[in-house]
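Predicted model, so just to flag it, every value in this text is computed and none were measured.
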Amino acid sequence: MTVTLHPLDIETVQAFVLVADFGSFTRAAEALDTSQATISLKVKRLEQQLGCRLLDRTPRHVRLSARGDNFLPGARDLLAAHERALAALAPPPPRRLSLGISDHIAGPELPSLVARLAAHDPALVIEVTIGASRDLAARFDRNDIDAVIVRRESAHEAGVVLATERFGWFAAPGFQHRAGETLRLATLAEPCGVRAIVATLLDEAGIPWAAVYVGGGVMALGAAVSAGLAVAALAHRVAPRDAVEVGDAFGLPPLPAADVMLRTRLTDTRSQEIMRHVGAAFRAVGAR
């Protein structure tokens, strides 16, 4: 039996691609500033039109079906061709986004986040700066940067909370430390908010410590941990995969969680749309 396919609706294809990218109907709805029910309806309409299931849904996960996996590359091409057709009629002005991301937040999913932004707006020039939350917040306050994803330093900071990061004490599986010994610590250079919190907690607990490795970034701290050189206080999301949490075993004080905030001053419609994609992408990768 031959199935006659009608021209596809761009909005339904866009909804499907976003759900596939984010692995979530909720995040796709957030990116498009609509409801989860609307996204679900659009995807269902597309599946009915194609006569096959594109997504396998469970209470906890959304995954591409085999047919969905086959359809996704063509769906991306269709959306790209649609954007090119519109741009040919009214070429968009050059767009540039300067985005700062805290070193304690920029995890292994950063390339995926940037790739999604580029796919959403191929004409967008993205300038990403990785640095300390305090430095990035100060640059944002000076109007030197368009948007930042940083740890909340103060309850008075305005922004959108993207996630709450859990921190822990991480070390290599074979790392040895005994009560009463000086704790070998890997930290970022001062000033660093996390380092200040760690120093205060250890001093209040009466635990002697020494910064035996001072890294220029969280990736460097991860390397020191994996090499068995020291213990580091890291967000769970950015800790090395081969590291283990040792706080309880070593009798170390609990580390407070930290809110991750998106702060932006961009107010035009297109920029706000991009910021929604940034927030949705960050939440999506952080939840996996």
Of all heavy-atom pairs between Ala230 and Val212, which one has the smallest distance, and what is that distance?
-> CB-CG2, 3.8 Å

Would His177 and Val231 satisfy side-chain contact (heavy atoms from CB on, under 4.5 Å), going step by step from the backbone distance to the final call?
-> CA-CA 9 Å; His177 172 75; Val231 175; 5.8 Å; no

Take atom CZ in Arg67; do more than 12 heavy atoms of anything else shown fall under 6.0 Å from it?
-> no

Hits for salt bridge (Lys or Arg N to Asp or Glu O under 4.0 Å) against Asp9, two or more places apart or cross-chain, chain-then-number order -> none

Note: Ala224 and Ala186 closest approach over all heavy atoms is CB-CB, 4.2 Å

For residues Val150 and Ser102, report the shortest heavy-atom separation together with the two atoms involved.
-> CA-CB, 4.0 Å

Rounded distance [0.5 Å steps], CD1 in Ile39 versus CG in Leu18 | 7.0 Å

Minimum heavy-atom distance Ala20-Leu72, with the two atoms named = CB-CD1, 4.1 Å

Shared hydrophobic cluster, Leu46 / Ile10 (ILVMFWY, side-chain heavy atoms < 4.5 Å) = yes

When clusters are formed by joining ILVMFWY residues with side-chain heavy atoms under 4.5 Å apart, either directly or through shared neighbours, do Leu78 and Leu32 land in the same one?
-> yes

Would you name the heavy atoms of Val225 and Ala172 that are closest together and state the gap between them?
-> O-CB, 3.3 Å

So do the side chains of Arg195 and Leu188 get within less than 4.5 Å of each other, counting heavy atoms only?
-> no

How long is the gap from CD on Gln48 to CZ on Arg53, to the nearest 0.5 Å?
-> 10.5 Å

ILVMFWY network linking Val194 to Ile207, side-chain heavy atoms under 4.5 angstrom | yes

Report yes if the side chains of Phe167 and Ile197 come closer than 4.5 Å at any heavy-atom pair, otherwise no.
-> no

Please tell me if the side chains of Val17 and Arg76 come closer than 4.5 Å, counting only heavy atoms from C-beta onward.
-> yes

Would you call Arg151 and Glu165 a salt bridge, using N to O less than 4.0 angstrom?
-> no

Given the rule that I, L, V, M, F, W and Y join up when any side-chain heavy atoms are under 4.5 Å apart, are Val214 and Leu221 in one cluster?
-> no

Can you tell me if Ser40 uses its side chain to pair, donor with acceptor, with the backbone of Gln36 under 3.5 Å?
-> no

Side-chain donor-acceptor distances from residues 242-262 under 3.5 Å, at least two apart:
unit_1: Asp242; atom_1: OD1; unit_2: Ser226; atom_2: OG; d: 3.0
unit_1: Asp242; atom_1: OD2; unit_2: Ser226; atom_2: OG; d: 3.4
unit_1: Asp259; atom_1: OD1; unit_2: Thr164; atom_2: OG1; d: 3.0
unit_1: Asp259; atom_1: OD2; unit_2: Arg152; atom_2: NE; d: 3.3

Enter the distance from Ile130:CD1 to Met219:CE here, rounded to the nearest 0.5 Å.
-> 10.5 Å

Side chains of Leu99 and Ile101: does their closest heavy-atom pair fall under 4.5 Å?
-> yes

Closest heavy-atom pair, Asp69 versus Pro73, reported as atoms and distance to 0.1 Å, is O-CD, 3.3 Å

Inter-residue atom distance Asp77.CG - His82.NE2, 0.5 Å rounding | 14.5 Å

So how far is it from Asp144 CG to Asp135 CG, rounded to the nearest 0.5 Å?
-> 11.5 Å

Do any N or O atoms from the side chain of Arg184 and from the backbone of Leu229 form a donor-acceptor pair under 3.5 angstrom?
-> yes

Single-linkage hydrophobic cluster Val238~Leu185, side-chain heavy atoms < 4.5 angstrom | no

Flag yes if more than 12 heavy atoms outside Arg166 fall under 6.0 Å of its CZ atom; otherwise flag no.
-> no

Are side-chain heavy atoms of Phe16 and Glu47 found at a separation under 4.5 Å?
-> no

Pairwise side-chain contact, Leu64 with Leu55, heavy-atom cut-off 4.5 Å (strictly under) | yes

State, yes or no, whether a side-chain contact exists between Arg139 and Thr129 at a heavy-atom distance under 4.5 Å.
-> yes

Write out all pairs satisfying ring-ring contact (aromatic ring centres under 6.0 Å, His included) with one or both partners inside residues 189-238, taking only residues at least two apart or from two chains.
-> Phe170-His236

Report yes if the side chains of Lys42 and Val13 come closer than 4.5 Å at any heavy-atom pair, otherwise no.
-> no

Is there a donor-acceptor pair under 3.5 Å between the side chain of Glu181 and the backbone N or O of Arg178?
-> yes

Take Ser65 and Asp56, measure what side chain to side chain donor-acceptor pair (under 3.5 Å) needs, and give me the verdict at the end.
-> CA-CA 6 Å; Ser65 68; Asp56 291 328; 5.0 Å; no

Above 12 or not: heavy atoms from other molecules or residues under 6.0 Å from CZ of Arg142?
-> yes

